[in-house]
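For reference, the structure discussed in these notes is given below.
All heavy atoms count here, side chains included; hydrogens, waters and symmetry mates do not.
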Amino acid sequence: MNRTWVVIPMYNEATVVGSVIEGLRPVFPHVVCIDDGSSDGSQDIARAAGAVVVQHPINLGQGAALQTGIEFALQDQMTRNIVTFDADGQHRVVDAAAMVTRLDAGEADIVLGSRFLDDRTQIGPMKRLVLKTAAVQSRLATGMNLTDAHNGLRAMNREVASRIHLTQNRMAHASELVHQIAEIEPRWVEHPVEIIYTDYSKSKGQSLLNSVNILAELFFR
Amino acid sequence: MLLIVQIVLVLAVILVSLVLMRGGTNARHLAIRRIMLMIFAVAAVASIFFPNVLTSLASFLGIGRGTDLVLYATIVSFFVFMATTYQRFRHAENALTALSRRIALDEAPKPWAEDRH
C-alpha cells in the first residue's frame, strides 16, 4: 500500500478514540488526529495509541479540523493517499482499506463511502429520509449522482486532496466538499461502507435538528 | 396601497441584504452603506424640525403615520446591519481559522523528518 495518512477530526472523544486508533494502526501506520480543543484529555489518549496529534489552539469545528488534517498529511512528501475517518468508532477499518486499494489500483482519484449501497447499515427511517434528501439536494446542485452525501469515510489521492479547500468550519463542510469535488471533476466512485451506530455515536452524532443548521450555513455563506 | 408598500419593503430588504451579503467588504459597498446612513440621518433630523413632512410623505406612500414609515426604515436598516455584521463575522472567522491552522501545523510533530536519518 502506498503511504496513506488517516485524518481523524477529534473533539472530546476520550472514551473511544484510543480503540479507534488502535484498530487503524495495524493497517494504517500513519494516523493523525486533529484535536479541535478537547478538554477531556483526548490528546494524550490519541498520542498513547500511536497517532500524531495536531492541536487547534481553539475550537473551530469539524470542517476546519478536516482541512488542517489534509494540509498536515500533504506536508509529508511521501503521502500518496488521504483517508478521512470519524473518531467516534462508526467507521470500519476494512472498509477504509478496501477504498484505498481501489485508489491504488487506479480505479478512481477519490472513493466516497456510502451506507446505502448495501444493507449492512442499520438506520432509522427518519435519518434515512434526511440523508436521502441531502443526497438528492447535492445531486441537483452538483450533478454528481451520490447515494450518500454526508458520509465521513472518504479516500482520496494526493492530487484531489491538494485541491480541496474547506472554508465551512462547522457542519456544512460535507456539502461544501461535494461541491468542490464536483468542480475538480476527478474520477470518483462510491464504495459500500457500514456505519456502526452505537449508543455513543448516536449521542455524539448529528441530530435531525442539525440539518436546519447545515441548510442555514450553506445558504448564508 | 399598504400591501404594495409592504411588498416593496420586503423586496428591498431581501435585495439589499443579498447584495451586501454577496458583495463582500469592498469600497463600493462601503460607499453604499455610508450613503444610506447619511440619508437616514438627514431624514431623522428633518423629521425633528418638520414632523409633518414625514407624515405627509408617509400618507403619500399610503402608510398612514410618519412613525410607521420610520419603523419600516428601521427594520430595513436593521436587516442591512445584520447582513453586514454576519459578513464581517465570516471574514473574521476565516482569518482566525487560517491563523489557528498555521499555529497547529507549525507546532505539530513531523514524523517524516525522522525517516531521512
- Output, in order, the C-alpha distance, side-chain angles, deciding distance and verdict of side-chain contact (heavy atoms from CB on, under 4.5 Å) for B/R90 and A/T167. CA-CA 10 Å; B/R90 284 275 316 168; A/T167 62; 4.3 Å; yes

- Item | Under 4.5 Å from a heavy atom of chain B, the part of A/V53 involved | backbone

Which atom of [X] lies closest to which atom of [Y], heavy atoms considered:
X: B/P109; Y: A/F72; value: O-CE1, 3.4 Å
X: B/A108; Y: A/V54; value: CB-CG2, 3.6 Å
X: A/H56; Y: B/A104; value: CD2-CB, 3.9 Å

- Note on the structure: Taken to the nearest 0.5 Å, the spacing of A/L166 CG from B/T97 OG1 works out to 11.0 Å

- Atom NZ in B/K110, atom CD in A/Q75: separation rounded to 0.5 Å? 5.0 Å

- side-chain contact (heavy atoms from CB on, under 4.5 Å) partner of B/S100, the single match among A/T68, A/I58, A/N59: A/I58

- Kindly indicate, with the supporting measurements, whether the criterion side-chain contact (heavy atoms from CB on, under 4.5 Å) is fulfilled by B/W112 and A/H30. CA-CA 10 Å; B/W112 53 86; A/H30 300 282; over 6 Å; no

